[in-house]
A.B. asks: 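Here's a structure for you.
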Amino acid sequence: MMRSVKAFAPATVANVSCGFDILGFPIDAMGDYVEVTRRDRPGLRVVSIEDDGGKLPWEVEKNTCAVAIQAMLESYGKQVGMDIALRKGLPLGSGMGSSAASAVAALVAANRLLGDPFERKDLLPFAIVAEKAACGAGHADNVAPSLLGGFVLIRDYHPLDVIKLHVPKGLYCTLLHPHFELNTSDSRSVLRDSIPLKHSTIQSGNVAGFVSGLYQEDFELISRSMRDVIAEPYRAVLIPGFYEVRESLKAAGALGMGISGSGPTLFALSKGSEQTAAMAKAAEEIYEGIGLGVDVYFSAINTVGAYVLEEKN
Ligand SMILES: Nc1ncnc2c1ncn2[C@@H]1O[C@H](COP(=O)(O)OP(=O)(O)O)[C@@H](O)[C@H]1O
Ligand SMILES: N[C@@H](CCOP(=O)(O)O)C(=O)O
């Protein structure tokens, strides 16, 4: 019987401009690490959290690692005792699926500790419970791609219908993380409950175009489809320099760009990695002008999702 398992779950770009709450992909550049260790008494404990600046909750009903594992154990039908150690590789409130990566890494580790009783896709509802605990909304567009890898479409939430999409060769992602936190719950609170019919038409056309573009490996179609009339207009005002950075990234060769998840990180897709240095330089100059530090990450699209790093007997 396994004694402890360590797993990694990648950061994710949710929405991908046109797919609010229904589209996302993981990146290779970074993620969260969770180790779960069996204990002889039932019950979960968070025993260590590293690299969170002391900001994350240790309570099992609040930390997404524990919330996700608890949901899994309820479905498993047996209370197995586990100690949970989390190392944050992701900045908080960044728009890169930080709460999701913790939950997914915890689930993949705990599932393996139990001998993999759940298939990968069957872990998703447990990760959604954790996401809801973290930001008040059970959106799956971070947890699903972090768990499954590649572009993932959430066709429906009730019941869950999740589809892995084709990843075109040579598609590359640049992430710009300006140094401030924007909590997902805050950037969801600026959104409207209803949208005009004409916006629904524009958004559906673009999400269909984006998915077709992936399958046809048609980078021009992907580029044309990266438009968001639902969330971006309301959220852009929360992100200093958004429109300027958008123009500079496009001028530097991005296929398209948008807000990663709920921001403040911005993402750009490009065909290949040749333009990424120019994109980063252009954006860095703008952020410097507005007095904001920025971290830049480059990554291929991660196609495998979370994985087990180490098992100890
Ligand atoms: N392991 C975790 N447990 C509980 N809350 C977390 C965890 N990781 C991140 N969070 C919190 O979840 C909230 C949602 O934001 P987060 O997922 O970090 O945003 P983003 O995905 O935009 O980076 C934030 O308040 C963040 O501090
Ligand atoms: N679809 C969600 C995605 C939130 O992503 P995060 O990385 O900012 O948590 C939304 O747009 O609110």
Side-chain angles (χ1 to χ4, degrees), residues 9-27 30-34 36 44 46 48-70 84-107 109 127-146 152-154 157 175 177-192 203 207 228 230-236 238-239 258-267 295 297:
T12 39
V13 172
N15 300 335
V16 203
S17 292
C18 53
F20 177 71
D21 274 1
I22 62 165
L23 202 57
F25 65 86
I27 57 157
M30 59 192 158
D32 278 4
Y33 301 81
V34 176
V36 291
L44 301 178
V46 177
S48 79
I49 305 181
E50 289 174 66
D51 300 336
D52 69 324
K55 290 184 176 168
L56 288 183
W58 290 61
E59 299 95 315
V60 288
E61 62 284 356
K62 288 193 183 153
N63 192 291
T64 59
C65 300
V67 175
I69 296 177
Q70 185 56 42
I84 302 163
L86 165 65
R87 179 154 68 83
K88 286 305 286 184
L90 289 180
L92 306 178
S94 60
M96 293 189 274
S98 156
S99 48
S102 295
V104 168
L107 284 170
I128 293 176
V129 172
E131 198 68 313
K132 188 156 191 198
C135 76
H139 63 91
D141 50 344
N142 291 117
V143 284
S146 185
V152 175
L153 171 73
I154 298 103
Y157 277 79
L175 286 167
H177 172 224
H179 293 170
F180 69 98
E181 278 184 34
L182 189 52
N183 274 334
T184 309
S185 55
D186 294 335
S187 39
R188 288 184 83 85
S189 71
V190 301
L191 302 177
R192 303 297 185 262
Q203 202 87 0
V207 81
D228 172 18
I230 291 181
E232 189 181 283
Y234 302 107
R235 287 175 166 174
L238 306 173
I239 304 171
I259 301 170
S260 176
S262 65
T265 295
L266 305 181
F267 80 101
D295 288 320
Y297 306 96

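Counting convention: from 1, in listed order, for ligands and their atoms alike.
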A.B. asks: Give me the atom names and distance for the closest heavy-atom approach of Leu92 to Lys55.
C.D. replies: CD1-CB, 3.7 Å
A.B. asks: Using heavy-atom distances only, which candidate in Leu56, Thr184, Asp186 approaches atom 5 (N) of ligand 1 most closely?
C.D. replies: Leu56
A.B. asks: Which residue and non-hydrogen atom of the protein lie closest to atom 2 (C) of ligand 1, and at what distance in Å?
C.D. replies: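 The closest heavy atom on the protein side is Thr64 OG1, 3.2 Å.
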A.B. asks: What residue and atom, counting heavy atoms only, is the protein's closest point to atom 22 (O) of ligand 1, and at what distance?
C.D. replies: Gly95 N, 2.7 Å
A.B. asks: Starting from atom 17 (O) of ligand 1, which protein heavy atom do you reach first, and at what distance in Å?
C.D. replies: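 Result: Ser99 OG, 2.4 Å.
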A.B. asks: From Asp52 CG over to Leu86 CG, what is the distance, rounded to the nearest 0.5 angstrom?
C.D. replies: 7.0 Å
A.B. asks: Hey, are the side chains of Thr12 and Met96 touching, using non-hydrogen atoms and a 4.5 Å cut-off?
C.D. replies: no
A.B. asks: State the atoms of ligand 1, each with its element, that fall below the 4.0 Å cut-off from a heavy-atom position in Ala134.
C.D. replies: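 Going through ligand 1 atom by atom, the ones under 4.0 Å from Ala134 are 12 (O), 13 (C).
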A.B. asks: Got the closest protein heavy atom to atom 23 (O) of ligand 1, with its distance?
C.D. replies: Ser94 N, 2.8 Å
A.B. asks: Which protein residues have a heavy atom under 4.0 Å from ligand 2?
C.D. replies: Ala14, Asn15, Phe20, Asp21, Gly95, Met96, Gly97, His139, Asp141, Asn142, Thr184, Arg188, Arg235, Gly261, Ser262
A.B. asks: May I ask you to test the Lys88-Ser102 pair for a side-chain heavy-atom distance under 4.5 Å?
C.D. replies: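 Yes, their side chains come closer than 4.5 Å.
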A.B. asks: Quick one, Ser262 with Ser187, criterion side-chain hydrogen bond (donor to acceptor under 3.5 Å, both in side chains). Give me CA distance, side-chain angles, the key distance, then yes/no.
C.D. replies: CA-CA 6 Å; Ser262 65; Ser187 39; 3.1 Å; yes
A.B. asks: With heavy atoms under 4.0 Å as the rule, classify the contact between Leu86 and ligand 1 as side chain, backbone, both or neither.
C.D. replies: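 Under 4.0 Å from ligand 1, Leu86 contributes side-chain atoms alone.
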A.B. asks: Give the single entry among Val67, Thr265, Asn183 that approaches atom 24 (C) of ligand 1 most closely by any heavy atom.
C.D. replies: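 Going through Val67, Thr265, Asn183 one by one, Asn183 has the nearest heavy atom to atom 24 (C) of ligand 1.
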A.B. asks: Check each heavy atom of Ser102 against ligand 1 and say whether those closer than 4.0 Å belong to the side chain, the backbone, both or neither.
C.D. replies: side chain
A.B. asks: Going from CG on Asp186 to CZ on Arg235, what distance comes out if it is rounded to the nearest 0.5 angstrom?
C.D. replies: 10.5 Å
A.B. asks: Once rounded to the nearest 0.5 Å, what's the spacing between atom SG of Cys65 and atom CG of Asp32?
C.D. replies: 7.5 Å
A.B. asks: Evaluate the side-chain proximity of His139 to Cys135: yes if any heavy-atom separation is below 4.5 Å, no if none is.
C.D. replies: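 A side-chain contact under 4.5 Å exists here.
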A.B. asks: In the protein, which heavy atom is nearest to atom 18 (O) of ligand 1, and how far is it?
C.D. replies: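 Protein heavy atom with the smallest distance to atom 18 (O) of ligand 1: Gly93 N, 3.0 Å.
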A.B. asks: For ligand 1, is Lys62 a contact, meaning one of its heavy atoms is under 4.0 Å away?
C.D. replies: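 Yes, Lys62 has a heavy atom closer than 4.0 Å to ligand 1.
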A.B. asks: With side chains defined as the heavy atoms from C-beta onward, is the minimum distance between Phe25 and Val16 less than 4.5 Å?
C.D. replies: yes
A.B. asks: Has Gly97 got any heavy atom lying under 4.0 angstrom from an atom of ligand 1?
C.D. replies: yes
A.B. asks: Is any side-chain heavy atom of Ile22 closer than 4.5 Å to a side-chain heavy atom of Asp141?
C.D. replies: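 No, every pair of side-chain atoms sits at 4.5 Å or beyond.
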A.B. asks: Check whether any side-chain heavy atom of Asn63 sits under 4.5 Å from a side-chain heavy atom of Ile49, and report yes or no.
C.D. replies: yes
A.B. asks: Just to check, does Lys88 reach to within less than 4.0 Å of ligand 1 when the distance is taken from its heavy atoms?
C.D. replies: yes
A.B. asks: Where do Glu131 and Ser99 land on the side-chain hydrogen bond (donor to acceptor under 3.5 Å, both in side chains) test, with the steps shown first?
C.D. replies: CA-CA 7 Å; Glu131 198 68 313; Ser99 48; 2.8 Å; yes
